[in-house]
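Some notes on the structure that comes next.
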Amino acid sequence: MLAEEAGQDFSPFNVVGWHGNYAPYKYNLDNFMVINCVAFDHADPSIFTVLTAKSLRPGVAIADFVIFPPRWGVAEHTFRPPYYHRNCMSEFMGLIKGRYEAKEAGLQPGGGTLHSCMTPHGPDFNCFEKASNCKLEPERVADGTMAFMFESSLSMAVTRWGLQTCSRLNKEYYQCWQMLRSHFTPLQQSKK
Ligand SMILES: O=C(O)Cc1cc(O)ccc1O
Ligand SMILES: [Fe+2]
């Protein structure tokens with residue numbers, strides 16, 4: 001179903017030749033029914049994939065388009081926000097509206113953040129503190145929010161426009177992790 005109809009006085013098929021199978025399509029992301037963990041542990045956000053472009057290697061996408069829509073968080077015995085991690089995939093994240101739960105201050109609507117292959121990243125300090133100390137009851141996550149991610153097995157390059165010309169690079173972004181302290185205690189038993 002098309003979300004919107006528009007008229008035009010010509011057809012793109014009025015050309016000498018037509019090759020390919022691409023067509024512009026508008027889709028209301030609110031209609032996408034995400035699934036999530038109902039037991040314990042944080043499931044990888046590939047479970048939120050709306051569209052995928054397969055590569056020739058099974059299980060390795062050229063690009064997955066993933067969303068982080070309003071939903072319930074119910075997982076027990078776990079740290080519910082995104083874990084600190086690095087991937088062999090590269091991630092480009094963006095925020096359409098609202099506040100991304102792992103970066104409430106650092107990622108503004110219209111903004112983007114690039115997590116290139118093998119670059120460690122994760123939630124900001126405030127998110128870490130809140131999620132480490134809260135009682136794990138069922139809770140709403142991301143109400144009024146729509147964040148997205150393009151995850152790719154290929155590397156993404158940043159253009160000169162993105163880095164310099166647009167003058168919108170947030171040079172203070174790294175500070176969202178500055179307050180984090182090491183809590184690694186190798187002998188600690190997991191509390192269940
Ligand atoms: O980095 C991010 O914020 C995106 C992301 C979210 C998540 O819940 C788990 C992994 C991941 O890359
Ligand atoms: Fe990530």
Side-chain angles (χ1 to χ4, degrees), residues 29-30 32-53 55 59-134 136-158 162 168-180 183-184:
L29 292 173
D30 294 330
F32 188 72
M33 198 281 289
V34 284
I35 54 168
N36 206 347
C37 165
V38 290
F40 52 87
D41 277 356
H42 182 98
D44 184 90
S46 52
I47 57 170
F48 296 152
T49 299
V50 180
L51 282 174
T52 189
S55 76
V60 180
I62 289 176
D64 283 336
F65 174 66
V66 174
I67 58 169
F68 300 87
R71 59 197 186 275
W72 283 95
V74 297
E76 293 184 299
H77 312 301
T78 196
F79 179 72
R80 284 185 186 161
Y83 33 71
Y84 292 94
H85 62 285
R86 51 187 194 157
N87 308 330
C88 51
M89 301 279 276
S90 291
E91 311 172 349
F92 177 79
M93 292 203 59
L95 183 64
I96 298 170
K97 61 178 180 177
R99 299 194 303 179
Y100 179 52
E101 60 269 20
K103 225 52 86 34
E104 291 212 341
L107 186 59
Q108 299 292 309
T113 163
L114 178 62
H115 312 146
S116 293
C117 164
M118 285 298 149
T119 307
H121 61 278
D124 63 17
F125 174 74
N126 288 336
C127 174
F128 172 80
E129 284 294 305
K130 218 163 88 187
S132 304
N133 297 305
C134 68
L136 289 184
E137 288 168 335
E139 60 168 355
R140 294 291 303 163
V141 180
D143 272 329
T145 293
M146 188 58 78
F148 67 88
M149 174 164 80
F150 286 101
E151 198 171 18
S152 175
S153 56
L154 306 175
S155 291
M156 292 177 225
V158 184
R168 289 288 179 272
L169 194 68
N170 179 0
K171 295 197 175 140
E172 274 83 55
Y173 190 56
Y174 72 95
Q175 289 179 2
C176 71
W177 296 295
Q178 289 293 88
M179 305 254 291
L180 290 167
H183 298 280
F184 182 59

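Whatever order the structure lists ligands and atoms in, that order sets their numbers, starting from 1. Heavy-atom basis, side chains included; hydrogens, waters and symmetry copies ignored.
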Inset, instruction - Would you mind listing which atoms of ligand 1 come within a distance below 4.0 Å of any non-hydrogen atom of His42? - result: 7 (C), 8 (O), 9 (C)
Inset, instruction - For His85, take its heavy atoms, then give the atoms of ligand 1 lying under 4.0 Å from any of them. - result: 1 (O), 10 (C), 11 (C), 12 (O)
Legend entry - Numbering as shown, the atoms of ligand 1 that approach Met93 to under 4.0 Å (heavy-atom distance): 2 (C), 3 (O), 4 (C)
Legend entry - Nearest protein heavy atom with distance in Å, relative to atom 5 (C) of ligand 1: Pro45 CG, 3.8 Å
Inset, instruction - May I ask you to identify the nearest protein heavy atom to atom 3 (O) of ligand 1, giving residue, atom name and distance to one decimal place in Å? - result: Tyr100 OH, 2.7 Å
Inset, instruction - Number the atoms of ligand 1 from 1 as they appear, then name those within less than 4.0 Å of a heavy atom of His115, with their elements. - result: 1 (O), 2 (C)
Inset, instruction - Between Ala102 and ligand 1, find which residue part has any heavy-atom pair under 4.0 Å and reply side chain, backbone, both or neither. - result: neither
Legend entry - Within reach of ligand 1, part of Lys103 (heavy-atom separation under 4.0 Å): neither
Inset, instruction - Give yes if a backbone or side-chain nitrogen or oxygen of Asn87 is under 3.5 Å from a nitrogen or oxygen of ligand 1, and no if not. - result: no
Legend entry - Option among Tyr83, Tyr84, Tyr100 that satisfies the side-chain contact (heavy atoms from CB on, under 4.5 Å) test with Pro123: Tyr84
Inset, instruction - Could you tell me which atoms of ligand 1, counted from 1 in the order shown, lie closer than 4.0 angstrom to a heavy atom of Glu91? - result: 1 (O), 2 (C), 4 (C), 11 (C), 12 (O)
Inset, instruction - Test Lys103 against His121 for side-chain contact (heavy atoms from CB on, under 4.5 Å), laying out the working first. - result: CA-CA 11 Å; Lys103 225 52 86 34; His121 61 278; 5.8 Å; no
Inset, instruction - Give the atoms of ligand 1, by number and element, whose distance to some non-hydrogen atom of His121 is under 4.0 Å. - result: 1 (O)
Inset, instruction - Would you check if the Fe ion (ligand 2) lies under 2.8 Å from any N, O or S atom of His115? - result: no
